[in-house]
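Starting from 1, each residue takes its place in the sequence as its number.
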Amino acid sequence: MNNDSMFPMRLQAFMAKCGVASRRGSEELIAQGRVMVNNKTVREMGVKIEESDIVQVDGETIELSGKLYYIALNKPKGYVCTNYDPNEDKYARDLIAMRDNNLLFNVGRLDKESNGLILFTNDGEFANAMMHPRYEVEKEYLVKLNRPIEFDDLNKALDGIYIDLPTPYKIRRYDLVPRTKTYIKVTLTEGKNREIRKIFNYLDYDVKSLTRIRIGCVELGDLEVGEWRNLKKEEIDGLLSGKNNSKEVNPKKTRRVVAIKKRKED
């Protein structure tokens with residue numbers, strides 16, 4: 001691979017191409033003082049490097065990778081989506097048994113107590129695109145609650161709930177699961193930290209289990225817990241083009257249908 005035309009390159013872009021993290025994640029590492037260029041710690045943004053420069057993250061030298069990886073993992077409960085935490089010993093990335101798994105980082109997060117679909121890559125540009133708000137990539141979850149869900153609460157979640165941030169926590173869509181009263185499918189696009197758990201806890205429910213079953217056009221399908229697979233080219237292209245498997249539903253229309261059903265039940 002000829003890198004002559006790529007340099008000089010911004011440090012965070014170089015880190016992303018090396019598979020350290022997304023550009024945004026790389027900027028956080030720089031700000032934390034965990035990045036060195038030619039044995040000097042760099043904290044400011046906008047630094048440009050040459051191909052001959054030596055870049056280290058947490059004392060480990062990083063280099064450009066010649067191959068890009070796009071992987072779907074069914075994360076088990078109890079594993080964390082971070083590559084380093086001194087208080088943890090179960091890392092989701094370690095479940096991906098491949099030679100270059102040290103190059104991978106997770107796209108977005110899935111909290112420790114949740115399980116299901118999580119994407120890994122060493123393509124920082126891809127990760128940055130997937131996490132950018134303008135793409136509005138859907139994430140769908142199967143949620144089990146401690147008691148039957150009430151339609152009024154679902155409508156509140158559609159409208160948005162102010163809990164601990166100046167912006168509301170809200171769901172984009174929900175789907176009832178046939179023949180059950182405590183399971184529900186919830187779709188998000190924003191994905192604030194622990195958003196679903198905070199919404200339902202605020203509404204006085206306990207979340208018994210939370211499984212992510214879809215990211216954009218990528219389905220969890222029959223991937224067993226702890227197993228992983230490479231994404232297909234059409235899945236990668238679909239994610240970048242904003243393709244979602246489910247049909248777009250107008251939340252207001254959903255609310256009207258539910259209200260009609262509720263009146264009939266009453």
Side-chain angles (χ1 to χ4, degrees), residues 72-81 92 95 108-119 136-163 168-229 235 238 243-266:
L73 169 72
N74 186 346
K75 186 190 87 69
K77 181 179 178 181
Y79 283 74
V80 294
C81 292
L95 296 170
R109 292 184 179 273
L110 194 57
D111 70 66
K112 182 177 180 179
E113 298 307 308
S114 301
N115 63 290
L117 187 62
I118 180 78
L119 303 183
E136 292 193 336
V137 178
E138 288 190 351
K139 290 97 175 174
E140 186 176 8
Y141 302 80
L142 178 63
V143 186
K144 181 181 180 182
L145 302 171
N146 65 314
R147 61 185 178 87
I149 188 72
E150 297 180 18
F151 293 124
D152 287 344
D153 290 334
L154 291 172
N155 291 335
K156 292 176 183 176
L158 285 171
D159 289 331
I161 301 171
Y162 290 88
I163 302 176
Y169 291 83
K170 63 191 303 184
I171 64 175
R172 181 169 191 169
R173 181 170 63 254
Y174 65 82
D175 296 288
L176 303 177
V177 179
R179 296 183 295 278
T180 179
K181 296 181 178 180
T182 57
Y183 281 92
I184 187 169
K185 291 181 180 179
V186 174
T187 300
L188 306 177
T189 53
E190 214 172 306
K192 295 183 178 70
N193 183 39
R194 299 175 68 85
E195 185 162 15
I196 292 176
R197 293 184 185 277
K198 287 184 178 181
I199 287 174
F200 284 110
N201 287 340
Y202 181 85
L203 295 170
D204 200 27
Y205 295 87
D206 289 332
V207 176
K208 294 299 184 181
S209 66
L210 182 62
T211 303
R212 185 190 283 157
I213 58 176
R214 180 174 62 85
I215 299 175
C217 61
V218 180
E219 303 274 352
L220 180 63
D222 57 2
L223 195 64
E224 296 291 337
V225 175
E227 289 188 346
W228 62 276
R229 67 173 178 85
E235 290 177 318
K243 179 181 178 182
N244 288 305
N245 278 354
S246 61
K247 296 179 180 179
E248 293 294 330
V249 176
N250 186 325
K252 293 183 178 179
K253 182 178 180 181
T254 301
R255 186 182 297 112
R256 287 198 297 271
V257 171
V258 169
I260 292 171
K261 289 176 63 179
K262 185 178 179 183
R263 285 199 298 270
K264 287 183 178 179
E265 290 174 356
D266 294 342

For this session: May I have the step-by-step check of side chain to side chain contact (heavy atoms under 4.5 Å, CB included) for L176 and F151, ending in yes or no?
Result: CA-CA 10 Å; L176 303 177; F151 293 124; 3.8 Å; yes
Exercise. Would Y174 and N155 satisfy side chain to side chain contact (heavy atoms under 4.5 Å, CB included), going step by step from the backbone distance to the final call?
Worked result: CA-CA 10 Å; Y174 65 82; N155 291 335; 4.2 Å; yes
For this session: Give the intermediate values and the outcome of side chain to side chain contact (heavy atoms under 4.5 Å, CB included) for residues L203 and I161.
Result: CA-CA 10 Å; L203 295 170; I161 301 171; 4.0 Å; yes
Exercise. Checking salt bridge (charged side-chain N to carboxylate O under 4.0 Å, His left out) for the pair E195/K139: CA distance, chi angles, key distance, verdict?
Worked result: CA-CA 12 Å; E195 185 162 15; K139 290 97 175 174; over 6 Å; no
For this session: Test R173 against E138 for salt bridge (charged side-chain N to carboxylate O under 4.0 Å, His left out), laying out the working first.
Result: CA-CA 10 Å; R173 181 170 63 254; E138 288 190 351; 3.1 Å; yes
Problem set entry | I184/D175 under side chain to side chain contact (heavy atoms under 4.5 Å, CB included): CA gap, chis, key distance, verdict | CA-CA 6 Å; I184 187 169; D175 296 288; over 6 Å; no
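In this structure, the separation between CG on L73 and CG on L220 is 9.5 Å, given to the nearest 0.5 Å. Between the CG atom in L142 and the CZ atom in R212 there is a gap of 13.5 Å [rounded to 0.5 Å]. Between atom NZ of residue K75 and atom NZ of residue K112 there is a gap of 9.0 Å, rounded to the nearest 0.5 Å. Atom-to-atom distance recorded for N201:CG and L145:CG is 9.5 Å, nearest 0.5 angstrom. For the atom pair Y169 OH and I199 CD1, the distance stands at 8.5 Å (nearest 0.5 Å). Annotation: the span from L110 atom CG to N115 atom CG amounts to 7.0 Å, rounded to 0.5 Å.
In terms of modelled atom types and a separation under 3.5 Å, the side chain of K192 and the main chain of P168 share a donor-acceptor contact. No donor-acceptor pair under 3.5 Å is formed between the side chain of K185 and the backbone N or O of V177. Panel note: side chain R109, backbone C81; a donor-acceptor pair is recorded below 3.5 Å. Remark: side-chain polar atoms of N74 are paired, donor with acceptor, to backbone N or O of L223 under 3.5 angstrom. One N or O on the side chain of R147 and one on the backbone of D204 form a donor-acceptor pair closer than 3.5 Å.
Within the 4.5 Å cutoff, the side chain of T180 has no heavy atoms near those of the K144 side chain. Residues R197 and D111 meet the side-chain proximity criterion, which asks for heavy atoms closer than 4.5 Å.
In plain terms, the two heavy atoms of L117 and A72 that are nearest each other are CD1-CB, 3.7 Å. The two residues R172 and L158 make their nearest non-hydrogen contact at O-CD2, 3.8 Å. Pairing each heavy atom of L95 with each of P76, the nearest pair is CD1-CD, 3.4 Å. Smallest separation of non-hydrogen atoms from D206 and N146: N-OD1, 2.8 Å.
The neighbour count for K198 NZ, taken as heavy atoms of other residues, nucleotides or ligands under 6.0 Å away, is above 12.
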